[in-house]
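Each residue takes its place number in the sequence, starting with 1. One-based numbering, in listed order, for ligands and for the atoms of each.
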Amino acid sequence: MTADDELEMPEQRAARRSGFDEIDILWISEGMSCDGDTVSVTASGQPSIEDVVLGLIPGLPKINLHNKVLSPTPGGEEFLQPFRAAARGELKPFILVIEGSIPNQNVIEGDGYWTSFGNDPETGAPLPLNWWLDHLAPKAWAVVAAGTCATYGGIHAMAGNPTGCMGLADYLGWEFKSRGGLPIVNIPGCPVQPENFMETLTWLLYHAAGTAPAPPLDEKLRPQWLFGRTVHEGCDRAGYYEQADFAKDYNSPKCQVKVGCWGPVVNCNVPKRGWISGVGGCPNVGGICIGCTMPGFPDMFMPFMDEPTGASLSSILAKPYGSFIRRMRGITNRVANKEPKWHHKQPVLTSGYDPRWRP
Ligand code: SF4
Ligand code: SF4
């Protein structure tokens, strides 16, 4: 910041920013998808989708959200109108959100499509998702992949699937840059954690307003501040793990690594953040982490309820240290659970109080 900048009033600084005052969000959930991410974001409280759309968050551009579940239109052609305008290059600027994995049209022999969104007005033939991606992604100010299917292929892309589907970066290229100069923004999760999505969207919108830098992403294009730590690092059962105290079944409140938890090697913040308003989660509340945010999901984590590869070695190594420490802590814990002997109602004070000052 220069000396001139310091003298500038906040209003003047705001006036010379180079952002947008209004932006459209074109959300297509016609990938190989269950709409679970669309449903999930309605649970966000910080911020809520309503607050963003109604303009209640200071400093954000005006938002025009087009999502088939969340937007109040009668549907059909009226709903498709902004998508068609954007494909013609008549809608600027817009953020393209894709939900669901991207099928491989090239493996279809003859006519047909795996999934479509609206029809071609000239021919009446369904327009495949791939057509929309080819026409919209190069024109979008930013491109966002919502959920693990759109980011990395997800469950629909598992071994043995017939569609040959993939994540958005596999389709557009990992080096893809949007009109706004941004890489694809991947927000994985199956479904996406509500506030993980809304927080990232809000950061992007501040960037669109010209008042924030671009959100920092890792090499898998995930927001760093959300996916930079493992499940295990934020799990409140990690104290049991450290003491080598492992659950033998799913009713136990202890560490679940031996009954299928992949938390130590999975990038996700859900146990630390909770699901809705800090409530819920996965291993923190008794559900093994199945790695649903990860590019290798689901194949590399199946069968889910078996002990993960590598977990037996680390738990064997933890055993001697963990059980010794647990015994030692047990002794100290019993001591700490006793009140001091001067807590009594006898007529003699035994707390050690001495009214005389001594140098
Ligand atoms: S339950 Fe899973 S994430 Fe939690 S401490 Fe155990 S291994 Fe780590
Ligand atoms: S903790 Fe594991 S199962 Fe739960 S959301 Fe995160 S990655 Fe998915």
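- Set against the non-hydrogen atoms of Cys235, the atoms of ligand 1 under 4.0 Å away are 3 (S), 4 (Fe), 5 (S).
- Using a distance-only test at 3.5 Å, with no hydrogens or angles considered, a donor-acceptor pair links the side chain of Ser40 to the main chain of Val192.
- If you number the atoms of ligand 1 from 1 as listed, the ones under 4.0 Å from a heavy atom of Pro264 come out as 7 (S).
- Judged as a salt bridge (Lys or Arg N to Asp or Glu O under 4.0 Å), and not counting sequence neighbours, the contacts of Arg84 are Glu77.
- At distances below 3.5 Å, at least one donor-acceptor pair connects side-chain atoms of Ser314 with backbone N or O atoms of Ala311.
- For ligand 1, the atoms closer than 4.0 angstrom to any heavy atom of Cys261 are 1 (S), 2 (Fe), 3 (S), 7 (S).
- A salt bridge links Arg329 with Glu242: the distance from a Lys NZ or Arg NE/NH1/NH2 to an Asp or Glu carboxylate oxygen falls below 4.0 Å.
- Taking backbone and side-chain atoms together, Cys255 has no N/O/S atom less than 2.8 Å away from atom 2 (Fe) of ligand 1.
- The distance cut-off of 2.8 Å around atom 2 (Fe) of ligand 2 captures these protein N, O or S atoms, sorted by chain and number: Cys289 SG.
- The side chain to side chain donor-acceptor pair (under 3.5 Å) check on Asp236 picks up nothing, with sequence neighbours excluded.
- Looking only at heavy atoms of the protein, atom 8 (Fe) of ligand 1 is closest to His232 ND1, 2.2 Å.
- At most 12 heavy atoms of other shown residues, nucleotides or ligands fall within 6.0 angstrom of atom CD in Glu175.
- Pairs engaging residues 254-280 under the side-chain hydrogen bond (donor to acceptor under 3.5 Å, both in side chains) rule: Asn196-Asn269, Asn196-Arg273, Glu199-Arg273, Asp245-Lys254, Lys258-Glu307, Lys258-Ser315 [sequence neighbours left out].
- For atom 1 (S) of ligand 1, the choice among Lys258, Lys254, Gln256 with the nearest heavy atom turns out to be Gln256.
- A salt bridge does not link Lys92 with Asp24: none of the charged nitrogens is closer than 4.0 Å to a carboxylate oxygen.
- Under a cut-off of 6.0 angstrom, the local environment of CD in Gln46 is sparse, with at most 12 non-hydrogen atoms contributed by other residues, nucleotides or ligands.
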